[in-house]
Number of protein chains: 6
Amino acid sequence: MALSVTVLFVILLHGYNTLASDPDSLQDFCLANTDSRTNSPCKNSSLATVEDFIFSGIKSSGKFGETGLASIPVNPNVFPGLNTLGMSIVRADLEVGGVNVPHYHPRATEIAVVLEGQVYSGFVDTQNRVFARVIEKGEVMVFPKGLVHFQMNVGDKPATILGSFNSQNPGLFRIPTAVFGCGIKGELLEKAFGLSGKDISKLRKKLHLC
Amino acid sequence: MALSVTVLFVILLHGYNTLASDPDSLQDFCLANTDSRTNSPCKNSSLATVEDFIFSGIKSSGKFGETGLASIPVNPNVFPGLNTLGMSIVRADLEVGGVNVPHYHPRATEIAVVLEGQVYSGFVDTQNRVFARVIEKGEVMVFPKGLVHFQMNVGDKPATILGSFNSQNPGLFRIPTAVFGCGIKGELLEKAFGLSGKDISKLRKKLHLC
Amino acid sequence: MALSVTVLFVILLHGYNTLASDPDSLQDFCLANTDSRTNSPCKNSSLATVEDFIFSGIKSSGKFGETGLASIPVNPNVFPGLNTLGMSIVRADLEVGGVNVPHYHPRATEIAVVLEGQVYSGFVDTQNRVFARVIEKGEVMVFPKGLVHFQMNVGDKPATILGSFNSQNPGLFRIPTAVFGCGIKGELLEKAFGLSGKDISKLRKKLHLC
Amino acid sequence: MALSVTVLFVILLHGYNTLASDPDSLQDFCLANTDSRTNSPCKNSSLATVEDFIFSGIKSSGKFGETGLASIPVNPNVFPGLNTLGMSIVRADLEVGGVNVPHYHPRATEIAVVLEGQVYSGFVDTQNRVFARVIEKGEVMVFPKGLVHFQMNVGDKPATILGSFNSQNPGLFRIPTAVFGCGIKGELLEKAFGLSGKDISKLRKKLHLC
Amino acid sequence: MALSVTVLFVILLHGYNTLASDPDSLQDFCLANTDSRTNSPCKNSSLATVEDFIFSGIKSSGKFGETGLASIPVNPNVFPGLNTLGMSIVRADLEVGGVNVPHYHPRATEIAVVLEGQVYSGFVDTQNRVFARVIEKGEVMVFPKGLVHFQMNVGDKPATILGSFNSQNPGLFRIPTAVFGCGIKGELLEKAFGLSGKDISKLRKKLHLC
Amino acid sequence: MALSVTVLFVILLHGYNTLASDPDSLQDFCLANTDSRTNSPCKNSSLATVEDFIFSGIKSSGKFGETGLASIPVNPNVFPGLNTLGMSIVRADLEVGGVNVPHYHPRATEIAVVLEGQVYSGFVDTQNRVFARVIEKGEVMVFPKGLVHFQMNVGDKPATILGSFNSQNPGLFRIPTAVFGCGIKGELLEKAFGLSGKDISKLRKKLHLC
């Protein structure tokens, strides 16, 4: 499951960091307070309406990116009622052959349910063991908190996956762009991956980095 | 969302109480250890296989009960890989007019996604306010931890809902059978609900209690 | 144990939602900061006085309600020093025959000590088992977090109970008024409780709801 | 509030260390499992009875010690139902002039309610500020987690205090006996307290240590 | 390990209480927001620089106090990047014969590594047992959360210790000055420590208290 | 900081999974109980000795691996007293030009102190920003929980780093070997990294994988 770059950009601009934890609640719910005249992290609860607790934005897929993935993260930025409740979800669609690149969520376990299609799906544990196989419509896979996982549509029609997380902001760390971005000295990457400087440059170019 | 009585019975017999908390993990995952020759709560991780992390039992609905609900809870009893990861899910199907009676989960928030149908869906907060309306295929509602919620299929075809929880054992407290069961003195219920002893007896009879 | 309606109303008006969790403290104590010129959730600790940590308002009983219960919740709204420390208490008095209606606290376990009188006291677990009997002066009962519990004065003089909670805001969900309030479709309640529409109306009338 | 030496001795012999945390529960309650043929920390819940959740041992005071304090800690060792619920209580009685020596509970906040008498009561924060005054019957004081506190009966009749904790095993660290016990090099204590070796010996003798 | 009085004073003046807990993060990191125009506890993450995550202030020792200890606490007040991450460290230097007086940290376990010298080092548990011996360069000792511990340089050259804590604000409670300060009635201390009023006065004078 | 392969192997054989969480303690400390005749996770505390709380195995560096790193993880497997206290440390040595490959710890923040040498040191956040620069003897860097970080000795003599973690088992996920291991379909990696099948094979060969 993945938060799309577009959405992350929005988060960056509008500020996602209004809360400091997935707390044991001190109230039934806590819609984020955007009124800086008070210190309270939660809006006065009497202002809540049923619409704060319902979300209608995943009836269809999002926009597809280069690797054939379209994902719509559903978190308190778009679904206010989730705030402080320790959960969020994501709808991910994969084109035929589409890939959700190896990534991990530093702050949540994910349960992924295949709603349509056939998806090669797996994760790697800290002993470097890979747990992976094709799962299909109606099947469920769990990706334990903080472990790298990945998915590829290996069927002959689009696939749809619904992912749930036990954090309102699971975080998303995509290995290819994060590790081969420009910020890390090439020399270190060469030694770490056993590659030449030329290899690293080629990799970065292919990933449209630097 | 509801754990069916059958499944609860199995839990009762086979013992669901192998763990004491939804912990911050000390390992990548923890398949329950059933070997009493060791003290460890987790099976040796090298024995894990990919099948421990995949579940295939919610491709179709469960068996319908009297109020028109069929639910299949997916927790570590049936899906070992979930153990200690702090999450579980449920598939709930409602016949036309079927009802998921007012209930609450003492240990989890629930995110419910309507996969099919039209469902009147809502919850009550601790100020006695009701947040409810009809939601349809593709819509999502959140039921904050510990609050009473309910659902009714108000469409003209069966409805299917997928619920996710941020506990591996959210617990289920169904108000009608729990509160009007035989164990509580009728006298107390009479005063609490403003009913006569005859009313209480009638209620209990209708719910097939006592 | 129960928070009285009057007090809850005050909470509603004055805003009880200044904190988002029962935290592991980052300081010795944290008196709520009401000065919106700073972002800090805690008042400067040098302003604390001994009076912030002492409460004198439960020397006598509160005002009795219709079911014969008078309760005084003692939480950070009235006792500032409790803020962020993860605890609160309540004094509850019951007239002869008085009832503390079936209710639960979504966010805390309660330990109840009978200071005076004889009280039929119990709770229901998620398997619908009822654990109840009469306890008397000096006896103690525990109501596990999130489970429905109830009390009735079955002695011949007033009873007094002291309840402690492991949350500064345990929350209070009273089953009768919450479930039979007006907000939930009568049709759903009829099916859930096996009652006629007329029965539901009668119940609501008796509870002074709708 | 203090655990009496006798009780601690029992704990030491019978093993108090059956649980590793005050957990977010995974079940309604968890009576400690003493059957080593299973790995489960909790006894099968169907074996629970109402007596597991009621305690009758604090109707009268415990046995008084040298400083005029009698305390009865109420924790899962004597009250099985408390296990894993994150709470415990204590009854403390003080003779006229009796003292509860400076001590702290490393794992819990305490709310102390004076049931009888007049008690000089206070705590010290990490800035060395002392918050103390006399409180009387019906008054309540909070001692934040981990801070040193103390009590003295300054009235002319016995005093009784009920303390609640937000841990099932708050721990008790009595400053005089712990710090001036024999295990710490006298040289270090001399420098730390600005005392002579003779002073330290005298202190230890008075406290019946070494 | 100890926070020096000077630094604590700065904390007091500048306000250390901007956060209420060591949270499970909701973001990668959270530099404290000092802009009161927003409610967010965290500064916009795009304003972070590498310097926020690096600290250069413990290359040499701090200033020595009366007992021969110099300590430099490294927490979010001086090292912003630590904020909300649940950790802090301290550099402590001890002159020959210098003492780190018996103290405890109410909110953290400490791991102490001896970088230079020979240090008599130990802690007391809640059963009054003392675990202590001399440790030397390269050795490591753990002081469990909330237990009183102490150190003395017993070698013939200065000693340096690096302590790590699992809280960003572990708190520091120094027994001598806290317990024998002026705020506690002498009468209570006399009874608690078995000392005369004259002894207590002498002790207070030696510690430069009152 | 990194757990060496040798040590991980030992962990795998001897079972590291004896605990399920970094708990709020229920006792002062908890040495792991290896006696399966009791259910307790902790050994009887009266069996503890001072040696359980002291570790002497990082006086010199470990054995260097292929990338020029030698690391010695110090956790409850080798240092029993750490068990359940929520902390561990690591000593890491880097040869001139040696590299600690990009890796992350899913369960802990790390504070790294440079004891000797000059180390290029940094981390990547979930927005793909890199925070990196050379730090030297006496400087400290923090790597927030779950984020990829890396180090390279850029000085002209060996470097030594002391890392502390706020988990007793932080976990270690080394990107190169985990992501380019044999278990993940080459096809998926090709698409994810924009590489040819030949490139992937070359990479795997260089890393001695497959």
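Side chains included, hydrogens not; waters and symmetry mates left out as well; all remaining heavy atoms used. In the text below, chain A, chain B and the rest are named by the order of the sequence lines, each starting its count at 1.
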Point to revise | Closest non-hydrogen atom pair between A:Ser45 and B:Arg129, with its separation | key: O-NH1, 2.9 Å
Review point. Is it the side chain or the backbone of B:Leu147 that comes within 4.5 Å of chain A heavy atoms, both, or neither?
Key: side chain
Exercise for review: Start with the C-alpha gap between A:Phe29 and B:Phe143, add the side-chain angles, then the distance that decides, and say whether side-chain contact (heavy atoms from CB on, under 4.5 Å) holds.
Suggested key: CA-CA 9 Å; A:Phe29 47 79; B:Phe143 303 125; over 6 Å; no
**Study point:** Those residues that, when tested against A:Glu95, pass salt bridge (charged side-chain N to carboxylate O under 4.0 Å, His left out) (two or more places apart)
**Key:** none
Point to revise | Between A:Val114, A:Val140, A:Ile135, A:Val130, the one whose heavy-atom pairs under 4.5 Å with chain B are most numerous | key: A:Val140
Practice item. Could you have a look at B:Gly146, B:Gly122, B:Gly81, B:Ala132 and say which one has the most heavy-atom pairs with chain A under 4.5 angstrom? Key: B:Ala132
Revision key, fill the gap. dist A:Asp28:CG -> B:Phe123:CZ (nearest 0.5 Å) comes out at 8.0 Å
Check your understanding: Is the backbone of A:Leu85 close enough, under 3.5 Å, to the side chain of B:Asn166 for a donor and an acceptor to pair up by distance?
Key -> yes
Check your understanding: Heavy-atom distance under 4.5 Å to chain A: side chain of B:Ser121, backbone, both or neither?
Key -> neither
Review point. Stepwise, does the side-chain contact (heavy atoms from CB on, under 4.5 Å) test hold for A:Lys59 with B:Glu139?
Key: CA-CA 7 Å; A:Lys59 289 183 182 172; B:Glu139 288 191 308; 3.5 Å; yes
Review point. Which bit of A:Ser60 is near chain B, if near means a heavy-atom gap under 4.5 Å: side chain, backbone, both or neither?
Key: neither
Point to revise | Given A:Asn83, A:Leu82, A:Ile89, the one that forms side-chain contact (heavy atoms from CB on, under 4.5 Å) with B:Val142 | key: A:Leu82
Revision key, fill the gap. Distance col, row A:Glu51:CD vs B:Phe131:CZ, nearest 0.5 angstrom, shows 11.5 Å
Point to revise | Region of B:Thr49 in contact with chain A, defined by heavy-atom distances below 4.5 Å | key: backbone
Check your understanding: What part of B:Ala108 gets closer than 4.5 Å to chain A, counting heavy atoms only: side chain, backbone, both or neither?
Key -> neither
**Study point:** side-chain contact (heavy atoms from CB on, under 4.5 Å) between A:Gln127 and B:Ser46, intermediate numbers included
**Key:** CA-CA 9 Å; A:Gln127 317 296 316; B:Ser46 64; over 6 Å; no
Check your understanding: Should we say atom NZ of B:Lys137 is surrounded by more than 12 heavy atoms from elsewhere, each under 6.0 Å from it?
Key -> no
Practice item. Compare all side-chain heavy atoms of B:Met141 with those of A:Val50 and state whether any distance is below 4.5 angstrom. Key: yes
Practice item. Could you pull out all residues at least two apart from A:Ala178 that satisfy side chain to side chain contact (heavy atoms under 4.5 Å, CB included)? Key: A:Phe173, F:Val124, F:Asn128
Practice item. Please round to the nearest 0.5 Å and tell me the distance separating atom CE of B:Met87 and atom OG1 of A:Thr109. Key: 7.0 Å
